[in-house]
Amino acid sequence: MKKWLIGLSVSVVTASAALLFSGFDKKRSDSSTSAAGKRPNIILIMADDLGFSDLGCYGSEIKTPNLDYLANNGIRYTQFYNTSRCCPTRAALLTGLYNHQAGIGKMTDDEKTPGYRGHLTDNAVTLAEVLKTAGYQTAMTGKWHVSNTIVQKNAQEQMAWLTHKKDFGDFSPIDQYPTSRGFDRYFGNIWGVVDFFDPFSLVSGTKPVQNVPKNYYHTDAISDTSVAYIRSFAKSSAPFFMYVAETAPHWPLQALPDDIDKYKNTYKVGWDAIRKARYQKMVKLGLIDPAKTKLSDRWNNDLSWEANPDKEWDARAMAVHAAMIDRMDQGIGRMIEALRETGQLDNTLILFLSDNGASSESSAGYGPGFDRPGETRDGRKVVYDLKKEVMPGSQTTFASIGQRWANVANTPYQLWKAESYEGGAHTPLVAFWPKGITAKKGSYSHQVGHVMDFMRTFLDLTGATYPTTFKGHAITPTTGISLAPSFAGKQSAGHKTLFNEHFGARFARSGDWKLVSLSRDSTWHLFNLATDKSETQDLAAKNPEKVRELRGLWQQWATTHQVLPKPQPKRN
């Protein structure tokens with residue numbers, strides 16, 4: 001266990017008591033039966049802005065031995081979907097609903113319409129709430145980002161808050177915190193974006209963490225707190241559910257020097273070489289069929305790597321991205337070891353995925369404001385460098401990998417986070433459970449799945465009951481499909497239809513047909529994923545009937561799932 005845990009300003013018990021943070025809501029159910037010991041523990045791990053090919057077991061050159069171990073001894077999924085952006089995906093994952101049904105159609109602003117409340121609404125229950133009623137111990141670490149963010153109206157006060165100069169209280173309404181939505185224990189960031197060395201909105205339970213030690217790094221804090229929870233939970237006969245919401249490798253590009261050094265020369269070969277090598281490795285792994293999944297054209301391929309005036313900066317940026325993933329994998333390795341040492345590994349289901357594709361955003365272009373500080377706690381200026389003159393990686397820079405590297409990270413697919421093309425909404429998913437997965441080790445499942453499927457899956461595995469009402473509120477039925485058959489190697493088609501919408505980016509998938517539009521252009525494009533998983537051949541003009549059919553399905557879904565807000569009554 002990292003010694004820096006002891007130095008946190010919140011009260012921490014001794015190492016002999018597993019270094020657990022104080023401030024937790026202790027309302028855990030003490031009920032357990034003999035059957036409870038036979039039910040699996042569940043650890044659901046989600047990365048933030050991880051590209052489809054960013055793991056070694058999905059084609060990457062990045063060192064992810066621990067996730068590779070889980071994949072090689074479990075299952076990898078080839079057709080699993082998120083909702084293309086952070087908080088909407090988290091809403092769907094937690095509730096078993098499409099994200100608009102759970103109140104988060106966009107981000108965390110409350111737009112006063114049912115699908116756009118910016119927080120998890122009362123018509124939804126979380127995985128933690130459901131599993132807790134079945135006697136599970138529950139905990140969460142990391143990024144919450146499904147509650148209304150409280151923002152100071154004065155820009156100067158907001159910046160003072162972001163830089164830890166002033167305390168303005170809760171970061172969102174307390175009744176929207178994880179400990180109010182079924183999690184007994186929580187340590188992490190309530191908001192989305194963090195300085196990895198000194199994060200804003202950091203809380204233990206509901207108590208703000210006012211100070212962190214000098215050698216704090218957020219990915220390590222998430223990992224080591226998760227390890228502490230595992231060791232504590234292992235002392236009880238009751239099973240546990242833990243949601244680990246990583247913040248890596250979301251921008252800003254900030255990593256530890258030793259990790260960056262591992263990759264200092266890796267990306268000097270450029271975009272095309274890395275993308276081609278990833279594609280070839282994916283083919284060799286059997287992850288993709290080259291006849292059905294071509295390597296799409298590189299985004300903005302008018303600029304060659306050789307002619308790129310920013311080669312040094314760009315190579316460094318991707319090296320930091322890799323370092324952040326590497327560090328996350330190291331922490332997952334410590335979780336696996338804690339499970340092994342406590343005798344919990346064989347009967348623990350571990351799931352790993354990403355909330356969306358890699359991000360093309362220019363965080364430098366955003367500049368300071370809202371959730372982005374202008375300086376560090378000790379007064380050092382944070383640089384938002386559009387000219388690529390300051391190397392990324394340290395606490396004093398806010399940078400991101402940009403469009404071309406995001407395109408590489410999402411190999412072989414097009415586009416990225418926030419778009420409904422495969423590069424935005426298609427996630428890797430690894431499932432590992434020695435006692436419960438009887439499918440061939442290292443095999444692939446082609447079941448069409450979605451993050452809302454975790455609810456139905458966990459219900460099947462634990463015997464928990466999905467409620468029709470909860471705390472006096474009617475609960476929307478889940479439309480997820482269980483992944484449990486795939487654990488036994490059974491071939492299941494999964495969802496016959498799937499849909500998505502985010503800031504105008506849309507898709508409707510029916511069978512192998514997918515209708516999709518960009519956020520900036522409402523034109524529908526049609527692809528046959530049976531022969532073109534990379535979405536390179538638009539068949540809309542040749543198949544107008546299929547376009548009309550899928551467009552109608554999408555319209556019907558949008559109307560019934562709170563995607564298209566109903567007109568609000570006029571007020572006098």
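Counting begins at 1 with the first residue of the sequence.
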### Query
Do any pairs count as a salt bridge (Lys or Arg N to Asp or Glu O under 4.0 Å) and have a residue in residues 522-541, sequence neighbours left out, and if so which ones?
K514-E535
### Pairs touching residues 87-97 that satisfy salt bridge (Lys or Arg N to Asp or Glu O under 4.0 Å), sequence neighbours left out
D48-R90, R90-D355
### Query
With a 4.5 Å limit on heavy-atom distance, are the side chains of F196 and T247 in contact?
yes
### Message
In the structure I gave you, are the side-chain heavy atoms of N407 and R275 within less than 4.5 Å of one another anywhere?
### Response
yes
### Charged N-O contact under 4.0 Å between R334 and D224
yes
Aromatic plane relationship, [Y] with [X] - under 30° parallel, 30 to 60° tilted, over 60° perpendicular:
X	Y	answer
Y217	F197	tilted
H426	F52	tilted
H495	H450	perpendicular
F80	F454	tilted
W405	W271	perpendicular

### Task
For a side chain to side chain contact (heavy atoms under 4.5 Å, CB included) with Q79, tell me which candidate from R509, E422, Q447 qualifies.
R509
### Query
Which pairs pass ring pair (Phe, Tyr, Trp, His ring centres under 6.0 Å) with one or both residues in residues 317-342, sequence neighbours excluded?
none
